[in-house]
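Order of the sequence lines fixes the chain letters, A, B, ..., with proteins taken first and strands second; residue numbering starts at 1 for each chain. Every value quoted in this text rests on a predicted model; they were computed, and no experiment measured them.
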Amino acid sequence: MLAWRLLWRNWRSGEVRILASALLLAVAVVTAVAVFAERMERSLTRESNSYLAADRVVEGRLPIPDEWLIEPERFLLRQAQLAEFSSMVFAGDEMVLASLKAVDEGYPLRGELEISTTPFATGSDVVITRAIPARGEAWVDSRLLPQLGLSLGDQLQVGELTLTIRQLVIREPDGNRGFSVMGPRVMINLADLPATEVIQPGSRVNYRWLLAGEERDLNRFTEWLAPQLGAHYRPLTLKEAQQGLGEALNRGGSFLMLAGMIGVLLAGVAIAIAARQFAERHIDQVALMKSLGVSASKVRWLYSAQLLLLALIAAIGGCLLGELFQRLIALTIASLVRVELVSAGPYGYLVGAATGLLCLLCFALPPLWHLPRVSPLKVLRRELTVKAVDLWARGLLGVVAVVGLIGLYSRDLKLTLAVVAGLLAVLVVGGGCAWLLLRLGRGIGRSAGSVWRLALANLERQPQQSITQMLVFGAALMLLMVLFTVRTSLIEQWRLQLPADAANHFLLNIAPHEVEPVKALLAERGISANSLYPMVLGRIVAINGAPITEEMRPKSNALRRELNLSWAERFGDDNKLVSGDWWDRWQSRQAGSHGVSVEQETAAELGLQLGDRLTFSLGGLELEAEVASLRTLDWNSMRPNFYFLFSPGALDGFSPNYMTSIHVPAGGKLLINDLLRSHPTLVVIEIDRIIERIRTIVDQVGKGIELVLWLVLVGGVLVLVAAVNASMAARMQDSGILRALGSGRRLILGSIGLEFAALGLFAGLLAVFGAEALLLGLQQLVFEQQASPHWWLWVAGPVGGALFIGMLGLIACRRVVTVSPWVVLRDLQG
Amino acid sequence: MMIVAHQLAKRVTTAEGPLTILDEVSLEVAAGDSLAIVGASGSGKSTLLGILAGLDGASSGTIRLAQHELSALDEEGRARVRAELVGFVFQSFQLLPGLTALENVMMPLELHGKPEPRARAESYLQRVGLSHRLHHYPRQLSGGEQQRVAIARAFASEPKVLFADEPTGNLDSATGARIIELLFELNAAQGTTLILVTHEARLAQRCRRQLTLEAGQVVGLTGAPVGEPVYLAPAAGAR
């Protein structure tokens, strides 16, 4: 109760306000960022789940056993089943190889099925449905109609069953399964499947079991299911379903994490400064309390209790404020990109509250630790000095706090150590530079006018304090610069990655004789195609002569399905060679053997080394090739990419088809209809909706980043205000004396302004050095961006630092010229 | 005896070598008596006051405050004795700038868990003539008013011994005179033992005894001797 009263009085007298504000801000920033990031992550997971059409999917080559189907209910989960396979479909004499999908009630469990009665519909013609095709009905891809010369309501023959086309499938949530699904979609009711009689023993059917429910229940269910999956079934992972959407978002997530971390560090610095100031102001109070007979242990208890109360208030207030911030961010985003964010769990709030406590323990406690040891004799002898906690001990605690906070936040040891090492290096090197700059400043000051001389003499008089301030200002400016730069280059990168004219359709199965007509048609419509890539379908049948067995298939997707094989003289700039040689330098171990370049992850899944021999089956013919190199691919580039690229000439005898990617502008969709009408065997894969989705999400992350940046900026300003305030008393006293001695406003304000501006200038210089170093590390390690110097920082840092800090100093010190010097001096004595 | 000090010495080590601040000072003060410690700046007055009040330990010698052997106690022990027996008035008032006059007076009462701190503080502020200034902050009060708040704070805890360090040192003579009146008035009313350090003759004369220090040694004792001695001349210091 007493601690509560003391805290209240300290608050009222303004002594804990900066400390409390810094603490509140630390908790609020962390809570806001953590909760917002979690909401984004959850939304993206749900978004990703919609690519699965479920929360979990089990796929197999056999139907899901009946005894499994009764289990989901026990685990409170919803379920649906589907079967997917390729089959010929007929309309009169016409036939097409279609991709059949038989679904049952409930599909899709996540995401939305979009249908229409208008071919290639967009906008208001598209209907979102919860229904599935009724028995006897087929819902088909728009492109099937021109291929078979059909219209809605016509009959379609699938095996032994005749179905009526009732709807056109515009978009399936789980429709983006790469190029393995080649033919136009025909969706039917699962109950109709037996009547088609197309599934015979040995047919290649992909059965999928969709499950949805609460995460906890899903995990319990997965635990139950895992041991029973055996060789025929496997869980389908998000990564496979998502097809490389994640990269950009991971970077967005990393940025949010970095921003939160920087926010916490800034708030931590503000807390440390404010706590130090608080401790200095309380030395007299503690001496008085002790002279009145309050024991050291009681003093310690009273101050600890105040800190704990403060932590509690900051935790509650900060969480509420953080909640408000993140709602504001979510609201702004929602209004911009029409995305509903999923609500977050308790983790973000817990991290926020823990941050408050950790900040207090590590940043605020050390400066206050010596308070109980203040001698009561100080009431009589003011000149007695108080021995503070050793600098190294405080430094150590500071490092522990920074490691703890960053660790807690990023849960990434490498990143934590990198940032801490960077900060320490900046402090040590920066300290040395700050000292040099001060010396330099003195040289300049001697030959300058009185205002300059006074300002620089002030800085040099207390070098330790000036250096500390310079480092604090520098660190704050550095962190803000880093954040601002990373954000700018990230958004720029996204913009480059997904330019407005990014390819949004893939054209496959272009026969050699169709290449020129297709090119001509595209040119006629003003559409430029990327290069045409030859493509042959094939399967891997042996590795180093050993045939692929059923047990090996679950190891890699590359063993389970037909692969798109291609060759190339050169590889695109979205490919990177990681080992081996490209064709111009490669030499086969066996004379005359063909070479194949394999995507790195696929090679790892298959356990391939350079020089291994792969045997492919291409339309019944076998082809052997030696692994010549390994590559990484950037799937985000939206250009055709291949897991297996052969040496030129290797596929010559296998009658390739061609593929390319094109950008069809909005409203130009009818081109697809025309293309298919004139080239019915062409396969078109539409990714425009996926691209639109990625853009939406990137926009969403981008706007979130923008708002978080502003939030952290407030933290930075708070640090600067705290640091300026901390040195205010001494400056006020000096200025009070100067004024009492008759110095004019101009001289005093001029020297204060210059003093802070000089501090800001030096700090800005240090900050630029530090920021460039940190950016180099971050861009290479975390954001995988090209690192290059940021010339504008070299101007903006020092100039901005001088202007901003000079202004802050003037605002904080304005009282010295507006109030009579007598009052200033008396207040300082009181 | 309220205070019995025997051969108190205070020595410190400085850059120029050891320095003796107090040298073999012995004295006794009876309960309810008053003693002024006078001397030039640097004579050791404040050091002696600090040791007598238990704010600081002596390098050698013994000191007893009421029944407590201060020289045998550590800081925590001395703090308990101060809490029970001692009050202070300082030259620089030592009011907490963030607290109102009332809160400044309430603070020691609250710290020691005394009952009804507010009512008691109000009553003492009324006794020092500041009932209209209860909610003013120190910076809104004149020097004399601030010292009156400090006096109210010192007496509100009803200490057995009051130590005052240059209580009028920061005040003009008229204000100082009023403060002296107040101090002795309350002292008489509560029967407090008063030890004060001053270089103001007028204030020193109000005490029953005046002890003069010079370079850490007792060089004189004046005042009316009654009944019991307030000063035992040490062998070395009896000049």
Which bit of [X] is near chain B, if near means a heavy-atom gap under 4.5 Å: side chain, backbone, both or neither?
X	result
A:Leu377	both
A:Leu292	both
A:Arg281	neither

Please classify the contact of [X] with chain A as side chain, backbone, both or neither, using a heavy-atom distance under 4.5 Å.
X	value
B:Arg153	side chain
B:Phe93	neither
B:Ser157	neither

If you tally heavy-atom pairs under 4.5 Å against chain A, which of B:Arg78, B:Gln91, B:His112, B:Glu103 wins? B:Glu103

Hey, which of B:Ser92, B:Ala83, B:Gly143 has the most heavy atom pairs under 4.5 Å with chain A? B:Ala83

Measure from the side-chain N and O atoms of B:Arg80 to the backbone N and O of A:Gly293, and report whether any donor-acceptor pair falls under 3.5 Å. no

Would you find a donor on one side and an acceptor on the other, under 3.5 Å apart, between the side chain of B:Glu76 and the backbone of A:Ala296? yes

Rounded to the nearest 0.5 Å, the CG atom of B:Leu96 sits from the NE2 atom of A:His282 at a distance of 8.5 Å

Does [atom1] belonging to [X] count more than 12 external heavy atoms closer than 6.0 Å?
X	atom1	value
B:Arg133	CZ	yes
B:Lys160	NZ	no
B:Glu116	CD	no

Give me the atom names and distance for the closest heavy-atom approach of [X] to [Y].
X	Y	answer
A:Arg12	B:Leu99	NH2-CA, 4.0 Å
B:Ala79	A:Ser295	CB-CA, 4.1 Å
A:Lys290	B:Glu75	CE-OE2, 3.9 Å

For the pair A:Arg9 and B:Glu110, find out whether any cationic side-chain nitrogen is under 4.0 Å from an anionic carboxylate oxygen. yes

Can you find a pair of side-chain heavy atoms, one from B:Phe88 and one from A:Leu288, that are under 4.5 Å apart? no

